[in-house]
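The sequence lines fix the lettering, A, B, ..., with proteins before strands; numbering per chain opens at 1. What you see is a predicted model, and the numbers here were worked out from it, not measured in a lab.
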2 protein chains.
Amino acid sequence: MSSEQDIVERLAGCGLRVTRARRAVVRALLESEGALTPAQACECARRHWPRIGLVTAYRTLELLAQLGLARRVHAADGCHGYTRASAGHHHNLICQRCGRVVEFEGCDLSALEQRVASETGFAIHTHILELTGVCPLCQNTDAGRRS
Amino acid sequence: MSSEQDIVERLAGCGLRVTRARRAVVRALLESEGALTPAQACECARRHWPRIGLVTAYRTLELLAQLGLARRVHAADGCHGYTRASAGHHHNLICQRCGRVVEFEGCDLSALEQRVASETGFAIHTHILELTGVCPLCQNTDAGRRS
DNA sequence: TTGTGTGCAAAATCTTTGCACTTCG
DNA sequence: CGAAGTGCAAAGATTTTGCACACAA
């Protein structure tokens with residue numbers, strides 16, 4: 001997973017400014033175990049930079065997502081959450097009980113993609129893949145308690 | 001793909017009423033090649049039942065999704081669209097140019113799921129998978145024209 | 001006939017935009 | 001200093017809710 005330092009360097013490398021507000025959003029994402037909506041990210045970021053506004057949370061999450069430093073989480077109930085993202089091709093594994101998000105890599109869908117491509121005639125470019133289940137902590141906890 | 005008749009029977013079988021508004025939304029979904037947002041579904045459904053209101057489109061799509069007769073489409077720009085869904089475990093293949101949605105089946109992720117489960121300790125219950133690419137029609141059309 | 005389902009209007013949310021002020025580089 | 005970035009307030013969308021009426025069963 002990227003560190004705050006990595007992200008700061010990445011921003012600077014793109015000619016983007018490293019502001020307090022952006023740092024605060026980045027920290028919120030790194031600290032959170034689960035996905036954050038813009039409103040939640042704003043709230044968490046305020047711990048680091050109280051003056052941050054909701055609009056900046058929206059803009060910063062969108063920016064981080066474009067840079068590949070954050071990723072939208074597609075849950076059954078919507079896709080308004082963002083989570084930190086490592087460099088490279090990764091996917092998310094989400095705990096349906098506590099919301100924790102863990103990354104994994106090494107999805108090998110090329111065989112599937114080839115089969116579907118030849119069956120449908122589509123040229124397949126990319127995919128969305130997310131696994132959902134129950135994390136070890138929640139398994140050890142009798143049904144339903146939150147982390 | 002389910003026919004209108006199948007869907008009607010499914011509704012009736014659940015003790016739900018088969019109203020004109022519901023039929024109109026079902027037809028809108030079946031006629032559309034791509035995913036429909038509630039607003040779009042409402043507009044299309046009006047061709048069959050002009051008095052339908054937007055609220056009913058929301059409620060009906062949600063209802064159909066719960067019955068497994070419709071499915072949310074998770075695109076990069078959001079997940080506010082619904083598409084028709086066949087019975088059983090299927091996934092969507094989406095044309096990034098014209099928006100056409102095609103179903104496919106036979107995703108075999110069990111090996112991947114087992115590997116990730118043992119690496120992370122999660123008990124994996126389900127997954128979201130969508131492929132994105134360019135459909136045959138759009139491939140034959142010089143960049144960018146819509147169907 | 002009866003109660004589920006509907007449409008409408010209004011409320012509640014969520015998201016984007018415009019603009020003057022800050023602040024990073 | 002200069003321009004990118006921010007916060008605020010307001011506008012725009014989207015989604016939900018309350019309620020009287022309609023209409024499948």
- Indicate the ring-plane relationship of A:H91 and A:F104, choosing parallel, tilted or perpendicular according to the 30° and 60° boundaries. tilted
- Between B:H80 and A:H80, how do the two ring planes meet: parallel, tilted or perpendicular, split at 30° and 60°? tilted
Rounded to whole Å, please give me the gap between [atom1] in [X] and [atom2] in [N].
X: A:L63; N: C:dT15; atom1: CG; atom2: C1'; value: 17 Å
X: A:Q40; N: C:dT15; atom1: CD; atom2: P; value: 11 Å
X: A:L54; N: D:dC8; atom1: CG; atom2: P; value: 11 Å
X: A:L61; N: D:dT6; atom1: CG; atom2: C1'; value: 15 Å
X: B:I52; N: C:dT6; atom1: CD1; atom2: P; value: 8 Å
X: B:R17; N: C:dT2; atom1: CZ; atom2: P; value: 13 Å
X: B:L67; N: C:dG5; atom1: CG; atom2: P; value: 11 Å
X: A:Y58; N: C:dG18; atom1: OH; atom2: P; value: 17 Å

At under 4.0 Å, does any side-chain N or O of [X] touch on OP1 or OP2 of [N]?
X: A:H80; N: C:dT13; result: no
X: A:R22; N: D:dG5; result: yes
X: A:R51; N: C:dT23; result: yes
X: B:W49; N: C:dG7; result: yes
X: B:T19; N: D:dA24; result: no

- Item | SB check A:R84 A:E103 (cutoff 4.0 Å) | no
Flag, side chain of [X] to backbone of [Y], donor-acceptor distance under 3.5 Å:
X: A:E130; Y: A:H74; answer: yes
X: A:R46; Y: A:I52; answer: yes
X: A:Q139; Y: B:G121; answer: yes

- Query: In terms of the nearest nucleotide of DNA chain C, which residue is placed more toward the 5' end: A:R20 or B:A21?
  - Reply: B:A21
- Message: Between A:A39 and A:V55, which residue's closest nucleotide on DNA chain C lies nearer the 5′ terminus?
- Response: A:A39
- Of the nucleotides C:dG18, D:dT17, D:dG5, which has the atom closest to the A:R59 side chain? C:dG18
- Could you give the angle between the helix axes at the two ends of the helix from C:dT1-D:dA25 to C:dG25-D:dC1, with five pairs per end, rounded to 10 degrees? 40°
- Give the intermediate values and the outcome of side chain to side chain contact (heavy atoms under 4.5 Å, CB included) for residues B:I124 and A:T132. CA-CA 6 Å; B:I124 298 181; A:T132 304; over 6 Å; no
